[in-house]
Structure formats: structure tokens, C-alpha cells
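Below is one structure, written out as C-alpha cells; comments come after it.
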Amino acid sequence: MPDDSLLFEKIKDGDIKAFETLFRLYHAPLCLYVSGITGRREVAEDIVQDVFYLIWKMRAAMRIRRSLKSYLYGAVRNRAYRYLAHEQVCRQYESSVRHEAEPTESSGPHEQMEYAELEAVVERTLAGLPARRLRIFRMHRMEGRKYGEIAEKLVISIKTVEAEMTKASRQLKHEIEKYYRRIL
């Protein structure tokens, strides 16, 4: 097993083989660790990959005061807890929005039917979006991620994220307007 400090020094110098060694050494155990925190394997893999990406990207400026192993586990743990906190906020927000938007028991059958139809229009429109556009839309609107964060995660420019969001929003607006013109 290679010495972590020597491995990290090589990585700081841009040695891709050293980085690959680090990745192979820690990827699976870190994914398992984060899966235990989040309960979701795919989220764990995203978190671990993000940490490795940032290590490579920031390698020249990084200063690790403890062992590399401790640093990696701490970094993925912190990201996992941030993810869980963000998910909790999203769930609370979604619950409050749904509660406000849903027709109440005092609503008439007409309002309840309109709500169900509008919900179906939105779902159909989203399902018809190209895969990347849908992913960007969901990351921004449903996960609450910022454009810069989305761009970094998908390795695309912020302008591309903006363009995809604009197209998705226009399409959604168009379909909702079409629905309202039809019922009015």
C-alpha cells in the first residue's frame, strides 16, 4: 500500500497515475461509507466522485494537515450530511408547496379536476424534455441547486445551464398557457 503523503505529493505535481492509484484505493470504501450515511448508493457515488474531482482540480492549492485518508473520509462525510440537510429542506418546501397548491376538501370537484389536469400537463411536459434539459431542470427547481453547482457537476458551462433552463421554462410556460386557453 503506497504512503498517502507521498501519493498526495505526486498528485499535487500533476501525476495522473498517482491520482488513479488514490481513486482505486479509496473509491469503493468511501462509497460504502457514504451509502451508510445517505442510504442511497447513487448519491454516495456522486458525492465521492465530486470529492475526487475537487481534489484533482484543487490539487496544487490543497493543504492536508492530517492523513489523506482522514481528509477523504471527512470530506465525503461532510458532503453527505450537507446532502441530507438539503434533502430535508427540499422535502419540507415541497410539502408546504403541495399543501398550499392542492385543492382542499372544501374545494369543489371542478377545482380538484383542474388541479389534477394541470399536474398531468406539467408531468407530461417534463417527461417530454430531452434528458440533459430535464436533469438540469430537476437539479435547479427540485433540488435547489445553483447554476454554477449544476455546471460543475455536469461539466458544462453556466451559459449552457442557463440556456437549458430557459428552454425548459419556456416549454413549461407554453404548455400551461395552452392548457389554460383550452379550459377558459
Side-chain angles (χ1 to χ4, degrees), residues 23 27 30-31 33-58 75-184:
F23 185 85
H27 181 264
L30 289 172
C31 284
Y33 176 65
V34 176
S35 289
I37 296 171
T38 64
R40 296 179 58 199
R41 178 77 180 167
E42 65 280 358
V43 169
E45 288 177 4
D46 284 347
I47 288 171
V48 171
Q49 287 177 4
D50 284 349
V51 167
F52 276 108
Y53 169 74
L54 288 173
I55 287 172
W56 182 253
K57 183 178 172 188
M58 307 299 288
V76 297
R77 180 191 63 240
N78 292 341
R79 281 183 170 259
Y81 287 140
R82 263 185 288 171
Y83 168 81
L84 291 174
H86 179 73
E87 284 293 300
Q88 178 68 23
V89 168
C90 287
R91 278 193 301 276
Q92 289 172 344
Y93 176 74
E94 186 178 314
S95 174
S96 69
V97 167
R98 282 190 190 277
H99 181 68
E100 289 174 15
E102 286 179 353
T104 62
E105 288 183 20
S106 62
S107 300
H110 181 71
E111 287 91 3
Q112 292 175 358
M113 192 162 80
E114 273 185 28
Y115 176 80
E117 287 176 358
L118 185 57
E119 193 172 44
V121 166
V122 169
E123 289 302 317
R124 248 190 336 270
T125 303
L126 292 179
L129 294 176
R132 181 172 79 170
R133 189 173 303 156
L134 177 61
R135 184 166 186 209
I136 290 169
F137 184 85
R138 287 190 187 283
M139 289 173 82
H140 180 66
R141 291 285 172 89
M142 294 163 188
E143 296 175 18
R145 294 182 186 218
K146 305 261 187 254
Y147 284 2
E149 185 182 354
I150 295 168
E152 188 174 300
K153 175 114 175 118
L154 299 179
V155 193
I156 56 177
S157 73
I158 291 176
K159 290 289 184 191
T160 301
V161 174
E162 290 172 357
E164 292 290 0
M165 280 300 299
T166 299
K167 290 174 185 173
S169 297
R170 279 186 189 150
Q171 191 169 352
L172 194 55
K173 180 182 175 194
H174 174 74
E175 292 299 322
I176 290 171
E177 286 173 347
K178 198 162 76 174
Y179 165 76
Y180 277 116
R181 280 194 304 270
R182 194 179 80 234
I183 66 167
L184 295 178

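Values in this document were obtained by computation on a predicted structure and should not be read as measured data.
- The line from CZ of Phe23 to CG of Leu30 is 9.5 Å long, rounded to the nearest 0.5 Å.
- A distance of 9.0 Å separates CZ in Arg138 from CG in Leu129, rounded to the nearest 0.5 Å.
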Practice prompt. Dump the intermediate steps for salt bridge (charged side-chain N to carboxylate O under 4.0 Å, His left out) on Lys146 and Glu149, then the final yes or no.
Written response: CA-CA 5 Å; Lys146 305 261 187 254; Glu149 185 182 354; over 6 Å; no
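- Shown here for Ser35 and Ala44, the closest heavy-atom pair between the two residues is OG-CB, 3.3 Å.
- Applying the side-chain contact (heavy atoms from CB on, under 4.5 Å) test between Tyr83 and each of Asn78, Val43, Asp46 identifies Val43 as the sole match.
- Here the shortest heavy-atom pairing between Val121 and Glu175 reads CG1-O, 3.9 Å.
- The structure places OG1 of Thr125 at 12.0 Å from OH of Tyr179, a figure rounded to the nearest 0.5 Å.
- Shortest non-hydrogen contact noted between Val48 and Cys31 is CG2-N, 3.7 Å.
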Practice prompt. Step by step, work out the side-chain contact (heavy atoms from CB on, under 4.5 Å) result for His27 and Gln49.
Written response: CA-CA 8 Å; His27 181 264; Gln49 287 177 4; 4.3 Å; yes
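- Judged as a side chain to side chain donor-acceptor pair (under 3.5 Å), and not counting sequence neighbours, Arg79 has no contacts.
- Lys57 meets the salt bridge (charged side-chain N to carboxylate O under 4.0 Å, His left out) test with Glu152; sequence neighbours excluded.
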Discussion item. Under the criterion side-chain contact (heavy atoms from CB on, under 4.5 Å), I'd like the reasoning laid out for Arg181 against Glu177: C-alpha separation, chi angles, the key distance, then a yes or no.
Written reply: CA-CA 6 Å; Arg181 280 194 304 270; Glu177 286 173 347; 3.7 Å; yes
Practice prompt. Show your working on salt bridge (charged side-chain N to carboxylate O under 4.0 Å, His left out) between Glu45 and Arg41 and close with a plain yes or no.
Written response: CA-CA 6 Å; Glu45 288 177 4; Arg41 178 77 180 167; 3.1 Å; yes
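- The CD1 atom of Ile47 lies 10.5 Å from the CD atom of Glu42; values are rounded to the nearest 0.5 Å.
- Interatomic distance, Leu126 CG to Phe137 CZ, rounded to the nearest 0.5 Å: 5.0 Å.
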Run the side-chain donor-acceptor check on residues 157-165: report pairs under 3.5 Å with partners two or more places apart or on a different chain.
from, atom 1, to, atom 2, distance (Å)
Ser157, OG, Thr160, N, 3.1
Ser157, OG, Thr160, OG1, 2.8
Glu164, OE1, Arg133, NE, 2.5
Glu164, OE1, Arg133, NH2, 3.4
Glu164, OE2, Arg132, NH2, 3.0

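- To the nearest 0.5 Å, the span separating CD1 on Ile136 from NZ on Lys153 amounts to 13.0 Å.
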